[in-house]
Amino acid sequence: VHLRLTATAQPTPGTDNSLVALFVSNPAHLIITPDSSEIAAGMFVDRDELEALVSDMPELLSPALRWAYEACDLFGV
């Protein structure tokens, strides 16, 4: 797997004072099965669902994810 740095954001109030780095990987040939206890609190959304969350319930998303949504085409990278 090759990772490519796509975007970075310096710590600001908009990122909850976190340094954010967004990486993109090439397609993996392995099927990854995450431990269900590690992802139980997470959400898996498509483009339309993420747009609705950003618009209607941004408080459910981390500041870093909101920044990445605004800075990059998360589904087109």
Side-chain angles (χ1 to χ4, degrees):
V1 174
H2 293 93
L3 294 178
R4 179 174 45 92
L5 180 62
T6 302
T8 60
Q10 296 300 313
T12 65
T15 61
D16 200 24
N17 296 314
S18 298
L19 174 65
V20 181
L22 183 63
F23 292 87
V24 176
S25 75
N26 61 325
H29 299 288
L30 301 172
I31 297 175
I32 299 170
T33 307
D35 182 334
S36 60
S37 66
E38 294 177 351
I39 61 169
M43 288 188 278
F44 294 89
V45 297
D46 62 23
R47 181 187 302 265
D48 293 336
E49 292 167 325
L50 182 57
E51 287 176 1
L53 285 168
V54 169
S55 174
D56 301 333
M57 295 178 277
E59 68 279 359
L60 295 179
L61 306 173
S62 71
L65 179 56
R66 291 192 309 263
W67 168 83
Y69 175 83
E70 295 296 328
C72 306
D73 179 8
L74 295 176
F75 291 91
V77 291

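Computation of the quantities below employed the complete heavy-atom set of this structure, encompassing side-chain atoms and omitting hydrogens, waters and symmetry-equivalent molecules.
Linking ILVMFWY residues whenever their side-chain heavy atoms come closer than 4.5 Å, directly or via other members, leaves Val20 and Leu60 in distinct clusters. The hydrophobic cluster containing Leu22 also contains Leu65, counting ILVMFWY residues as joined when their side-chain heavy atoms lie under 4.5 angstrom apart, directly or transitively.
For residues 10-22, no residue pair satisfies the side chain to side chain donor-acceptor pair (under 3.5 Å) rule, not counting sequence neighbours.
Residues that satisfy the side-chain contact (heavy atoms from CB on, under 4.5 Å) test with Ala71, not counting sequence neighbours, are Trp67. Taking Ile39 as the reference, Pro34, Phe44 meet the side-chain contact (heavy atoms from CB on, under 4.5 Å) condition, with sequence neighbours excluded. With sequence neighbours excluded, the residues satisfying side-chain contact (heavy atoms from CB on, under 4.5 Å) with Thr8 are Leu5, Ala21. The side chain to side chain donor-acceptor pair (under 3.5 Å) search around Asp35 returns Ser37, not counting sequence neighbours.
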Tell me which donor-acceptor pairs under 3.5 Å the side chains of residues 45-57 have, and how far apart each pair is, sequence neighbours excluded?
from, atom 1, to, atom 2, distance (Å)
Asp46, OD1, Asp48, N, 3.2
Asp46, OD1, Glu49, N, 2.8
Arg47, NH1, Asp73, OD1, 3.2
Glu49, OE1, Asp46, N, 2.8

